[in-house]
Amino acid sequence: NDWDQIEGKIQNHADSMADACVSIQAENGAWGSGVIVSRSGMIFSAAHVYQSPGEVVTVFLGGAKTAQATVVRFDRKYDIAVLEMDRAVDIEPAKMVGRSGIETGSTLIAAGHASGFNAERRSPLRVGFGFLAAEKGLIYTTCRITAGDSGGPLFDDSGVLRGIHH
């Protein structure tokens with residue numbers, strides 16, 4: 001049935017989606033999430049988690065691995081931040097494409113680190129549905145998003161990055 005097909009697609013990409021999602025602690029102690037988008041250490045996240053460009057934050061990559069990153073780009077209007085880690089990573093970056101392909105009822109997967117980093121678990125993946133609000137340039141989803149998930153990735157059921165949580 002359709003649910004079995006959806007579950008199979010998600011399971012095929014679950015490891016890469018969870019691995020690309022990182023937990024981030026800002027200078028002021030706030031927790032957020034982000035998604036690795038390049039092996040050089042570039043991360044996309046939500047601007048409201050950070051105070052300003054130039055802020056140095058701690059990135060939790062899983063297990064006991066951490067790195068420092070600097071907020072290099074910052075746009076409060078669109079709530080997007082670009083961070084650059086102090087080193088390259090051996091984590092497969094998220095696959096990316098444009099907004100095309102999101103329709104009402106599209107299966108989406110949210111990842112994030114609610115309530116901050118926990119070395120005992122990976123980033124949980126939460127499945128929901130979504131639709132594109134083209135006039136606003138936003139994707140709405142039924143995926144559960146909570147405190148600490150801000151800046152985390154929103155994937156489609158093929159494991160492709162489609163958005164960042166606000």
Would you compute the distance between atom [atom1] of [X] and atom [atom2] of [Y] and round it to the nearest 0.5 angstrom?
{"X": "Leu154", "Y": "Ile145", "atom1": "CG", "atom2": "CD1", "value": "7.0 Å"}
{"X": "Gln11", "Y": "His13", "atom1": "CD", "atom2": "NE2", "value": "11.0 Å"}
{"X": "Arg73", "Y": "Met42", "atom1": "CZ", "atom2": "CE", "value": "9.5 Å"}
{"X": "Phe44", "Y": "Leu161", "atom1": "CZ", "atom2": "CG", "value": "7.5 Å"}
{"X": "Asp90", "Y": "Leu61", "atom1": "CG", "atom2": "CG", "value": "9.0 Å"}

Below 4.5 Å, heavy atoms only, C-beta onward: do [X] and [Y] meet side chain to side chain?
{"X": "His165", "Y": "Thr141", "value": "no"}
{"X": "Glu84", "Y": "Ser40", "value": "yes"}
{"X": "Glu7", "Y": "Ile10", "value": "no"}
{"X": "Thr107", "Y": "Phe129", "value": "yes"}

(Q) Between Glu92 (side chain only) and Ala20 (backbone N and O only), is there a donor and an acceptor less than 3.5 Å apart? (A) no
Q) Can any side-chain N or O of Asp86 pair as donor or acceptor with the backbone N or O of Ala67 at less than 3.5 Å? A) no
Q.
In terms of relative ring orientation, are Phe60 and Trp31 parallel, tilted or perpendicular, with 30° and 60° separating the classes?
A. tilted
Shared hydrophobic cluster, [X] / [Y] (ILVMFWY, side-chain heavy atoms < 4.5 Å):
{"X": "Phe155", "Y": "Ile6", "result": "yes"}
{"X": "Val59", "Y": "Val56", "result": "no"}
{"X": "Met17", "Y": "Met96", "result": "yes"}

Q: State which residues pass ring pair (Phe, Tyr, Trp, His ring centres under 6.0 Å) with Tyr78; sequence neighbours excluded, sorted by chain then number.
A: none
So, for [X] and [Y], which heavy atoms are closest and what is the spacing to 0.1 Å?
{"X": "Val127", "Y": "Cys143", "answer": "C-SG, 3.9 Å"}
{"X": "Ala47", "Y": "Asp75", "answer": "CB-O, 3.7 Å"}
{"X": "Glu55", "Y": "Asn28", "answer": "OE2-N, 4.3 Å"}
{"X": "Gly130", "Y": "Leu108", "answer": "CA-CD1, 3.6 Å"}
{"X": "Ile24", "Y": "Ser45", "answer": "CD1-OG, 4.2 Å"}
{"X": "Ala26", "Y": "Val57", "answer": "CA-CG1, 3.8 Å"}

Q) Should we say atom CZ of Arg39 is surrounded by more than 12 heavy atoms from elsewhere, each under 6.0 Å from it? A) yes
Q. Is it the case that more than 12 heavy atoms not belonging to Arg144 sit under 6.0 Å from its CZ atom?
A. no
Q: With sequence neighbours excluded, tell me which residues meet side chain to side chain donor-acceptor pair (under 3.5 Å) with Ser33.
A: none
Q | Qualifying residue, where the test is side chain to side chain contact (heavy atoms under 4.5 Å, CB included) with Met85 and the options are Val22, Ile36, Thr70 | A | Ile36
**Q.** Partner of Asp156 under side chain to side chain contact (heavy atoms under 4.5 Å, CB included), chosen from Lys95, Lys9, Arg162
**A.** Arg162
(Q) Assess the residue pair Arg126 and Asp149 against the criterion (side chain to side chain contact (heavy atoms under 4.5 Å, CB included)); give the C-alpha distance rounded to whole Å, side-chain angles, the decisive distance to 0.1 Å, and a yes or no. (A) CA-CA 11 Å; Arg126 287 160 259 149; Asp149 287 333; 2.7 Å; yes
Q.
Side chains of Ser16 and Asp19 only: does a donor on one sit below 3.5 Å from an acceptor on the other?
A. no
